[in-house]
Asks: 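Provided herewith is a single structure, encoded as structure tokens, for subsequent inquiry.
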Number of protein chains: 2
Amino acid sequence: MSSGQSQKPSAEAQAHHYDPSKYERPSVTVDVVMMSIRQSDLQVLLVKRRSWPYEGMWAIPGGFVRIDESLEDAAKRELHEETGVQDVYLEQLYTFGDPGRDPRMRVITVVYYALLDSERLQVRAADDASDVGWFSMYNLPELAFDHAKILAYTLQRIRGKLEYTTIAFNLLPEQFTLRELQRVYEIILHRKLDKRNFRKKILSTGILEDTGAKKMEGTHRPARLYRFNPAAVARQ
Amino acid sequence: MSSGQSQKPSAEAQAHHYDPSKYERPSVTVDVVMMSIRQSDLQVLLVKRRSWPYEGMWAIPGGFVRIDESLEDAAKRELHEETGVQDVYLEQLYTFGDPGRDPRMRVITVVYYALLDSERLQVRAADDASDVGWFSMYNLPELAFDHAKILAYTLQRIRGKLEYTTIAFNLLPEQFTLRELQRVYEIILHRKLDKRNFRKKILSTGILEDTGAKKMEGTHRPARLYRFNPAAVARQ
DNA sequence: GCAATAGTGTCTCTAAGACACTATTTA
DNA sequence: TAAATAGTGTCTTAGAGACACTATTGC
């Protein structure tokens, strides 16, 4: 049970009168892996540590879960504080809680990841004053705690989800071309995809809606702009 | 970051001298969804609550995470206490932490699930004295807390994993017939599978090894006994 | 030889992947 | 008309699923 009392017969006596306040409790934090497509690359937002332990190293942003907020609310708050954006795709990744992962005390961290449309981020581009920065998921700096492991696991997860979900759309603005969508897939999967097969597959699912508009850019044929059609996903 | 200190510039002053002991902390428990194939059914081990809240209702077994044990160790301990078995397939499912999910206090629970070979369980069959019982995942009693939601999510997860992993083997003894393996798939997916297609697909993966032995049982042709070959999985 | 379960092969259909040319725009 | 990117179709192959009969055992 997920409760304050154990129900095992073997431990019944203590369990029944268990007072959790008597026991030392771990701290619970929420860390948020915020990713976006920037400079044709999959990048993650990291913060630089200013004190022991791991002073000067980069870390995934996070903080304590407040006593009256849900885990997801804590993650949303963290996300908003760091990037200023709201209404973002957010998903729980995994909970890491090995004793000793933080030398100061026992910390259990529930990790979420967020996929951000870079266009909505540009507002806070000046944020890069000092100790917050975007890094390529393929070329990370030295990371504090077990954060290298967490980012490796995140990448694995979003690659898996890319195949059978619509998470890629969260990295693009509302309207986008098929080529832009293909680039998102290529960047995350880290390999080239065949243009004809990609378009055939995506369009055959029916999850895209032609907006009728075209993206004029440069001295070449303009591309159609599509829009994600959530209704089509539900229909499947 | 997954640590005791926030690194946001905005909160730097407090963050730098943050003392987590000043704040009210949530409790952290580990709940374990223990499942096994029993009576041609997918069953789950539940414990009956003896006190408020949800008195008399059934719940997923669980307990507090000790300050010096990992989450997985806590889950293993819980599993061993309830079933007496060790070396079991165990995987983290999800972390549930909405405020109010336990009316007594803020409890964040990291849920694991375990798939047990029913043959190894028979030793403790007499355990069903009073407040521990096996229930069909398809016909659950009224459950305490948010445990109905947790079990629904568990079923969804193992169905997904069945397709692209080898978790099914954890529900069978070391040697088993193809018919027995097919029954495991049918019970979890909750639909009939075609015998020829099932055998073709499983055997084509090469993850099974013919033991040479046969299972004689009843008045009919005996079936070949196979063994799971983990080496073949790695090779894939 | 009867009852009961084990074990086997073919055909169809769909989806994935390899692969190269035409269309449209601006300068 | 040149440069640059958008957009399109066919063939092959692999895997999924529908489908029915023969093989082996104990009694």
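FYI, side chains are in, hydrogens and waters are out, and symmetry mates aren't considered; it's all heavy atoms of this structure. Model, not experiment: these values are computed from the prediction.
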Asks: Checking B:Tyr112 now: which residues fulfil ring-ring contact (aromatic ring centres under 6.0 Å, His included) with it, not counting sequence neighbours?
Replies: none

Asks: Which residues pass the side chain to side chain contact (heavy atoms under 4.5 Å, CB included) test with B:Arg179, sequence neighbours left out?
Replies: B:Thr177, B:Gln182, B:Arg183, B:Glu186

Asks: Give the residues of residues 208-225 of chain B touching DNA chain C, defined as any heavy atom closer than 4.0 Å, sorted by residue number.
Replies: B:Thr219, B:His220, B:Arg221, B:Pro222, B:Ala223, B:Arg224

Asks: Only distances under 3.5 Å count here; give the side-chain donor-acceptor pairs of residues 169-176 of chain B to other protein atoms, sequence neighbours excluded, each with its distance to 0.1 Å.
Replies:
| from | atom 1 | to | atom 2 | distance (Å) |
| --- | --- | --- | --- | --- |
| B:Asn170 | ND2 | B:Ile167 | O | 3.0 |
| B:Glu174 | OE2 | B:Arg227 | NE | 2.8 |

Asks: Roughly how bent is the helix from C:dG1-D:dC27 to C:dA27-D:dT1 end to end, in steps of 10 degrees, with each end axis from five pairs?
Replies: 10°

Asks: Short of 4.0 Å, heavy atom to strand atom, which residues of residues 179-194 of chain B count as contacting DNA chain D?
Replies: B:Asp194

Asks: For DNA chain D, note the earliest and the latest nucleotide, 5' to 3', having some atom under 4.0 Å of a heavy atom belonging to chain A.
Replies: D:dA3 to D:dT10

Asks: In whole angstroms, how far is the P atom of C:dT5 from the CZ atom of B:Arg196?
Replies: 18 Å

Asks: Among residues at least two apart in sequence or on other chains, which ones pass ring-ring contact (aromatic ring centres under 6.0 Å, His included) with A:His220?
Replies: none

Asks: I'd like to check the side-chain hydrogen bond (donor to acceptor under 3.5 Å, both in side chains) partners of A:Lys161; sequence neighbours left out, ordered by chain and number.
Replies: A:Glu91

Asks: Applying ring-ring contact (aromatic ring centres under 6.0 Å, His included), can you list everything that pairs with A:Tyr113, at least two apart in sequence or on another chain?
Replies: none

Asks: Using a 3.5 Å distance criterion without hydrogens, assess whether the side chain of B:Asp117 forms a donor-acceptor pair with backbone atoms of B:Glu119.
Replies: yes

Asks: Please figure out whether A:Lys200 or B:Asn197 has its closest DNA chain D nucleotide nearer the 5' end.
Replies: A:Lys200

Asks: Hey, does the side chain of A:Thr95 reach the backbone of B:Thr95 with a donor-acceptor pair shorter than 3.5 angstrom?
Replies: no

Asks: Would you give the length of the straight line joining atom NE2 of A:His80 to atom CD of A:Gln86, rounded to the nearest 0.5 angstrom?
Replies: 4.0 Å

Asks: Just to be sure I understand the rule, does A:Lys201 reach a base, reach only the sugar-phosphate, or reach nothing, if contact means heavy atoms closer than 4.0 Å?
Replies: sugar-phosphate

Asks: Taking only residues two or more places apart in sequence or in another chain, which ones pass ring-ring contact (aromatic ring centres under 6.0 Å, His included) with A:Tyr153?
Replies: A:Tyr94

Asks: Is it the case that more than 12 heavy atoms not belonging to B:Glu142 sit under 6.0 Å from its CD atom?
Replies: no

Asks: Say whether, by atom type as modelled, one donor and one acceptor occur between the side chain of B:Thr83 and the main chain of B:Val85 under 3.5 angstrom.
Replies: yes

Asks: Taking side chain to side chain contact (heavy atoms under 4.5 Å, CB included) as the definition, give me every residue that meets it alongside A:Arg221, ordered by chain and number, with sequence neighbours left out.
Replies: none

Asks: Between the side-chain atoms of B:Lys195 and the base atoms of C:dT5, is any donor-acceptor pair under 3.5 Å?
Replies: no

